[in-house]
Novice: 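One structure, pasted below without further comment.
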There are 2 protein chains.
Amino acid sequence: MAQTDTVTRILDTAEVLFAERGFAETSLRNITGKAKVNLAAVNYHFGSKKALIQAVFSRYLDPFSDRFHAAIDELERGYGSKVIPLEVLLETMARTVLEVPAERHSLKVFMRLLGLAYSQAQGHLRRYIQDQYGTVFTRFVALVRKATPELPDSERFWRLHFVLGTVIFTLSGLDALRDIAEKDYDEHVSVRDLARRMRPVVVAAMKAPLPEPPQASSQA
Amino acid sequence: MAQTDTVTRILDTAEVLFAERGFAETSLRNITGKAKVNLAAVNYHFGSKKALIQAVFSRYLDPFSDRFHAAIDELERGYGSKVIPLEVLLETMARTVLEVPAERHSLKVFMRLLGLAYSQAQGHLRRYIQDQYGTVFTRFVALVRKATPELPDSERFWRLHFVLGTVIFTLSGLDALRDIAEKDYDEHVSVRDLARRMRPVVVAAMKAPLPEPPQASSQA
DNA sequence: CTAACATTCAAACAATTGTTTCCAACTGCC
DNA sequence: GGCAGTTGGAAACAATTGTTTGAATGTTAG
């Protein structure tokens, strides 16, 4: 009881503070102080601060990976050889992301880490995610491919990342955006509200007409 | 010559390092070391690290703000009392964004900084940008409002930020995405290519059908 | 030239960081 | 009870942080 309690309390507090301030801005003393555990407990149970961040990350992504695989299994079982519509695929993804049994703060942390994984110049974090959880993403993309046969592969690649950018940016900067939105339109938005608003936008983005062919002006 | 040289060298180095690692992860010794200036020079010329961060932003946003105001002026002069179409507005924004940092450093750096301004919990940065350059964006949003009268204000707010997320994420993670794209589809994409691909996607996103009304299940 | 100012520089500042140490308190097991 | 190994806790660790200091240097104007 004691061990689990300390470890869980550290993880719970860490993910909240990470989401609020970021990783570098959150000190271990900050976490252990709020979690009411000893400072050394972090290094004892996790080894280092970096490992703690990864643990927070895994606590979200592991259940997500499992659930999403299961959701796709069920989807494929239900649709048989028929093509799963894009809306269903996106909806399944969104539902799984929102479902994952964790605090609502962890979603923000997860999105921040995901954003870091891409923007960080050295792909150290990106490779970790790719190695650890790449199969889920690959499987999803293969289904999206069947659902959007009119898109060239490279076009679909870019559009999926356009959409990923929307999701990551909105959710990882949620606090800032929420502040503005509440002040200007005094409406409190939940993550679920955002998902509802994103749905038609994302679908429209994926189904947008193809761009005009590249200018062949100065190209051989 | 000496002063300008030192100040410029600090700004040049700082903006690159900030974009690479983030604000908190970049120390003044890191900047001054790489810029080959004395450590105290930062506090002497800028006052504090916080002020340096804002100075880095101003160097980008000042020319952008000027150019964008001018571009909107010309647009309004051309269209008179007629409504400026959404495509034209977005195209003007894109052109200005592409024009400005071309003089200095890469667009990627500016986008990373902008992304950090939102996601990083640095509240002072967001407020600084809002206070300093709020009028430009307010003016732009007002025109977008006229171009999209069917959208509720809050909906337009969110969609603009969805789009902002796409742009920031794609351009700030350009190196990583370009690596994948080149490996998987062996095609070299330029920033101009990306803009061409983004155009129909962004327009479709803004013109997407309205979301279904929020679930009134547990709400008063 | 010299006085006044602006800038650079090395050094030290106090504060905070992640990590480690060592010992007490506890657990489960014989 | 007594011994193993695990966990908790206060303190100290070394390193790094942003900032300040005061003297040295460079620059400019009278």
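Order of the sequence lines sets the chain letters (A, B, ...), proteins ahead of strands, with each chain counted from 1. No hydrogens, no waters, no symmetry mates; every other heavy atom, side chains included, goes into these values. All values reported here derive from a predicted model rather than from experimental measurement.
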Novice: What does Thr26(A) touch in the nucleic acid at a heavy-atom separation under 4.0 angstrom: a base, only the sugar-phosphate, or nothing?
Specialist: sugar-phosphate
Novice: Write down the distance between CG (Asp5(B)) and P (dT27(D)), rounded to a whole number of angstrom.
Specialist: 12 Å
Novice: In whole angstrom, what separates Leu28(B)'s CG from dC9(C)'s P?
Specialist: 16 Å
Novice: For a quick test of reading the model: is some side-chain N or O of Asn43(A) closer than 4.0 Å to OP1 or OP2 of dG18(C)?
Specialist: no
Novice: So, is Thr6(A) near the phosphate of dT7(D), with a side-chain N or O under 4.0 Å from OP1 or OP2?
Specialist: no
Novice: Under 4.0 Å between a side-chain N or O of Ser27(A) and OP1 or OP2 of dT17(C)?
Specialist: yes
Novice: Measure from CD1 on Ile31(B) to C1' on dG18(D) and round the result to the nearest Å.
Specialist: 11 Å
Novice: Please compare Ser48(B) and Tyr44(A) by the position of their nearest nucleotide in DNA chain D and report the one closer to 5'.
Specialist: Tyr44(A)
Novice: Hey, can you tell me if Phe64(A) and Phe68(A) have their rings parallel, tilted or perpendicular (30° and 60° cut-offs)?
Specialist: parallel
Novice: For Ile53(A) and dT19(C), give me the distance from atom CD1 to atom P, rounded to whole Å.
Specialist: 10 Å
Novice: Take the protein atom CG of Leu39(B) and the nucleotide atom P of dC9(C), then report the distance between them rounded to whole Å.
Specialist: 11 Å
Novice: Measure from the side-chain heavy atoms of Ala40(A) and tell me the nearest of dA10(D), dT21(D), dT19(D).
Specialist: dA10(D)
Novice: Taking only side-chain nitrogens and oxygens of His45(B), does any of them come within less than 4.0 Å of OP1 or OP2 of dT8(C)?
Specialist: yes
Novice: How many whole angstroms separate atom NZ of Lys36(B) from atom C1' of dA10(C)?
Specialist: 18 Å
Novice: Kindly check if the number of other-residue, nucleotide or ligand heavy atoms within 6.0 Å of CD (Glu74(B)) is above 12?
Specialist: no
Novice: Please check: side-chain N/O of Lys49(A) versus main-chain N/O of Phe23(A), any donor-acceptor pairing under 3.5 Å?
Specialist: yes
Novice: At under 4.0 Å, does any side-chain N or O of Asn38(A) touch on OP1 or OP2 of dT7(D)?
Specialist: no
Novice: Can you confirm whether more than 12 heavy atoms, excluding those of Glu182(A), are under 6.0 Å from its CD atom?
Specialist: yes
Novice: Figure out the CZ/P separation between Phe23(A) and dT17(C), and round it to whole Å.
Specialist: 17 Å
Novice: Any side-chain to backbone donor/acceptor pair from Ser65(A) onto Leu61(A)? Under 3.5 Å, distance only.
Specialist: no
Novice: Between dT16(D) atom C1' and Arg29(A) atom CZ, what is the distance in whole Å?
Specialist: 13 Å
